[in-house]
Amino acid sequence: MNRLIEAVKKLAGAIKAAAVEHTRVMVIASCVTIAGAIGAGITVAGIVHRNNHLQVNAETINTTQEETIKLPTVTQAETTTWAEQPQEETVTEEETTSADIEEMIASGSVEIIAMENLEIVDASEAEVAQQEDVKTEIVDDTQVDTVPSTVYEVNELVRGIDVSQWQADIDWRAVADSGIKFAIIKCAGRGYGTGSLYEDPYFTKNIQGALANGIQVGVYFFSQATTVGEAYEEASMTVNLIKNYNITYPVAIDYETGSGYRINSVSMADKTKICKTFCDVVKSAGYSPMIYTCKSDFYNEIDTAQLAAGYKIWMAQYFYKYYGTGVDYQYGDDLPGFDWGYQMWQYTSTGTVPGISGNVDMNLAFFTYANYKPDNNHEAAIVVPSENVTLTEGDTYDLQNGVAAKNSIGYDAAYEYFVYDADGNEVESSDAYNRAGIYKVVYSFTDPKKGRIEKTVVITVIAKETETLPESETQKPTQEPTEKPSQKQTKK
């Protein structure tokens with residue numbers, strides 16, 4: 001397996017070295033089309049559960065069409081492993097690497113690449129698409145073609161969001177209070193030009209905030225993998241990032257083409273293999289895989305028939321009704337037609353939700369997870385070695401030694417602290433150490449569920465004793481002057 005990992009790393013490095021670097025620009029909806037298609041819209045008529053997978057039955061709303069359009073169920077029996085696929089006679093280094101990964105997946109024993117063995121850069125060093133649903137059509141919805149004691153999946157129509165660094169700071173308490181039931185959170189991505197891996201800078205804050213407020217979560221990785229080896233890297237990075245969190249919703253690969261994207265030249269067959277690799281690796285780690293892209297790419301860029309037979313499908317297609325209008329989906333509204341089953345629909349990127357400044361992607365899932373118990377009953381607190389400390393002027397004291405902050409889901413939290421004198425003025429800690437008086441140190445952090453958490457420590461600084469001189473020196477008589485001043489006054 002070490003040989004395999006090294007081969008994957010060498011292959012990835014070779015590809016990166018050969019890649020033509022693109023100018024770093026921010027892509028915003030580079031290929032959004034506004035169109036209307038002839039056909040009937042559909043509405044949910046019923047949801048049934050078969051073989052532990054979702055099937056949505058939808059009926060046409062056109063009175064001249066009485067047939068029922070079904071979004072087919074996902075069945076594992078239809079899943080085909082790559083080991084069963086014919087192999088080319090001529091085997092290159094890349095094909096050998098891909099075959100090794102496929103063989104490992106087919107064996108059911110997948111080794112996740114450790115984070116330290118992945119080349120990860122800061123998000124600021126990679127091209128991060130500001131809007132990652134770049135080819136979604138915006139259409140008129142009237143013209144649309146056609147587990148016992150553990151958490152388990154059930155059929156239910158629920159509303160959720162997906163978020164990334166572009167939503168910046170989110171008030172997750174307000175989001176939860178608004179009725180949002182799930183959030184698909186971006187954990188990481190690959191630069192669309194350089195191909196560098198990066199972690200979304202708001203991932204930790206977002207996933208902890210959502211979980212702390214009882215919102216079920218899934219994650220997505222913005223993929224720009226051009227090989228099976230890169231898909232294996234991306235899936236490994238995802239598993240490493242989420243392994244300690246309570247993930248119930250699917251783990252998705254966001255795989256889409258766009259202006260300047262490095263995957264544009266990848267063949268449909270290879271794009272399909274890449275999606276399968278990501279999904280199979282995260283599935284081997286115990287997560288439910290899902291594939292996200294826009295409707296156009298599902299039809300033109302990947303073999304959706306093959307993928308929909310084995311994994312959940314998350315489709316993006318926007319209706320004019322919801323795009324930039326402030327109108328939100330209501331139960332009974334039309335759903336888009338699709339040739340395959342889909343389990344989640346992203347219906348707009350211009351949604352508004354309390355707690356989020358600006359627009360956010362809105363989604364409908366035709367499933368949720370029952371028996372879910374939020375792991376948010378930990379005590380959010382700051383622990384200090386002592387609440388009262390006595391020092392002498394000139395002493396030093398480490399204000400962070402032994403201090404720890406835990407949030408309401410049990411994770412370490414970053415805290416801040418300030419030192420105040422007896423009059424309430426903020427002072428530097430070093431100044432307090434050198435001046436007698438009573439000081440307060442206030443530690444605090446913002447918990448995503450409980451809000452502001454504080455802890456106060458009182459520091460008493462006593463004056464340093466001064467050295468006293470011997471009595472013989474302190475009581476020396478004052479020497480009289482040799483001459484007394486003249487008492488003579490000048491008369492005028």
Side-chain angles (χ1 to χ4, degrees), residues 114-116 120 122-124 165 168-176 185 187-188 199-215 217 240-247 355 373-465:
M115 286 290 272
E116 57 266 24
I120 301 171
D122 187 86
S124 61
Q165 69 183 86
D169 290 313
I170 296 175
D171 180 350
W172 284 101
R173 284 189 295 174
V175 173
I185 296 168
C187 63
E199 179 181 343
D200 186 279
Y202 278 79
F203 168 64
T204 298
K205 183 179 292 187
N206 281 336
I207 195 167
Q208 292 189 7
L211 289 172
N213 288 279
I215 298 174
V217 301
N240 277 295
L241 289 172
I242 68 176
K243 62 186 178 182
N244 294 322
Y245 292 107
N246 186 9
I247 307 295
K373 295 180 177 61
D375 186 22
N376 59 3
N377 59 352
H378 297 265
E379 182 182 358
I382 298 173
V383 178
V384 296
S386 175
E387 295 183 8
N388 291 279
V389 177
T390 301
L391 302 175
T392 301
E393 282 181 328
D395 288 350
T396 58
Y397 181 73
D398 185 353
L399 294 176
Q400 298 189 73
N401 184 36
V403 178
K406 294 281 186 181
N407 62 26
S408 56
I409 59 172
Y411 282 81
D412 291 335
Y415 61 85
E416 59 183 2
Y417 65 92
F418 297 94
V419 182
Y420 302 94
D421 62 19
D423 296 324
N425 301 312
E426 184 181 343
V427 297
E428 294 292 334
S429 57
S430 57
D431 293 339
Y433 301 153
N434 291 302
R435 189 169 63 248
I438 298 177
Y439 302 87
K440 287 184 178 180
V441 183
V442 179
Y443 300 86
S444 67
F445 75 96
T446 300
D447 181 72
K449 180 183 178 184
K450 299 292 187 180
R452 185 174 174 84
I453 305 296
E454 288 188 355
K455 188 73 171 182
T456 299
V457 173
V458 176
I459 297 182
T460 302
V461 179
I462 60 177
K464 191 174 184 178
E465 294 183 5

Taking atom [atom1] of [X] and atom [atom2] of [Y], what is their separation to the nearest 0.5 Å?
| X | Y | atom1 | atom2 | result |
| --- | --- | --- | --- | --- |
| Thr390 | Ile459 | OG1 | CD1 | 9.5 Å |
| Glu199 | Ile120 | CD | CD1 | 7.5 Å |
| Asn244 | Tyr411 | CG | OH | 5.0 Å |
| Lys450 | Glu379 | NZ | CD | 9.5 Å |
| Gln208 | Phe203 | CD | CZ | 8.5 Å |
| Asn246 | Leu211 | CG | CG | 6.5 Å |

Side chain to side chain contact (heavy atoms under 4.5 Å, CB included) between Tyr245 and Thr204, intermediate numbers included: CA-CA 10 Å; Tyr245 292 107; Thr204 298; 3.9 Å; yes
For a quick test of reading the model, state the closest non-hydrogen atom pair linking [X] to [Y] and the distance between them.
| X | Y | value |
| --- | --- | --- |
| Ala432 | Val419 | CB-CG1, 4.4 Å |
| Asn376 | Gly214 | ND2-N, 3.7 Å |
| Ile453 | Ile382 | O-CD1, 3.7 Å |
| Arg173 | Lys449 | CD-O, 2.9 Å |
| Trp172 | Gly209 | CB-O, 3.3 Å |
| Gly355 | Ala174 | CA-CB, 3.7 Å |

Side-chain heavy atoms of [X] within contact of [Y], under 4.5 Å:
| X | Y | answer |
| --- | --- | --- |
| Pro385 | Val403 | yes |
| Ile185 | Tyr202 | no |
| Val389 | Tyr439 | no |
| Leu241 | Met115 | yes |
| Ile247 | Ile207 | yes |

Does any N or O in the side chain of [X] come within less than 3.5 Å of the main-chain N or O of [Y], such that one atom is a donor and the other an acceptor?
| X | Y | result |
| --- | --- | --- |
| Tyr443 | Leu399 | yes |
| Asp447 | Ser408 | yes |
| Asp200 | Gln165 | yes |
| Asn213 | Pro448 | yes |
| Lys455 | Val384 | no |
| Tyr433 | Tyr397 | yes |

Sequence neighbours excluded - salt bridge (Lys or Arg N to Asp or Glu O under 4.0 Å) pairs with any residue from residues 421-435: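 Passing the test, one end in residues 421-435: no pairs.
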Please list all pairs meeting salt bridge (Lys or Arg N to Asp or Glu O under 4.0 Å) that have one or both residues in residues 388-412, counting only residues at least two apart or in different chains.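 Listed by first then second residue: Lys406-Asp412.
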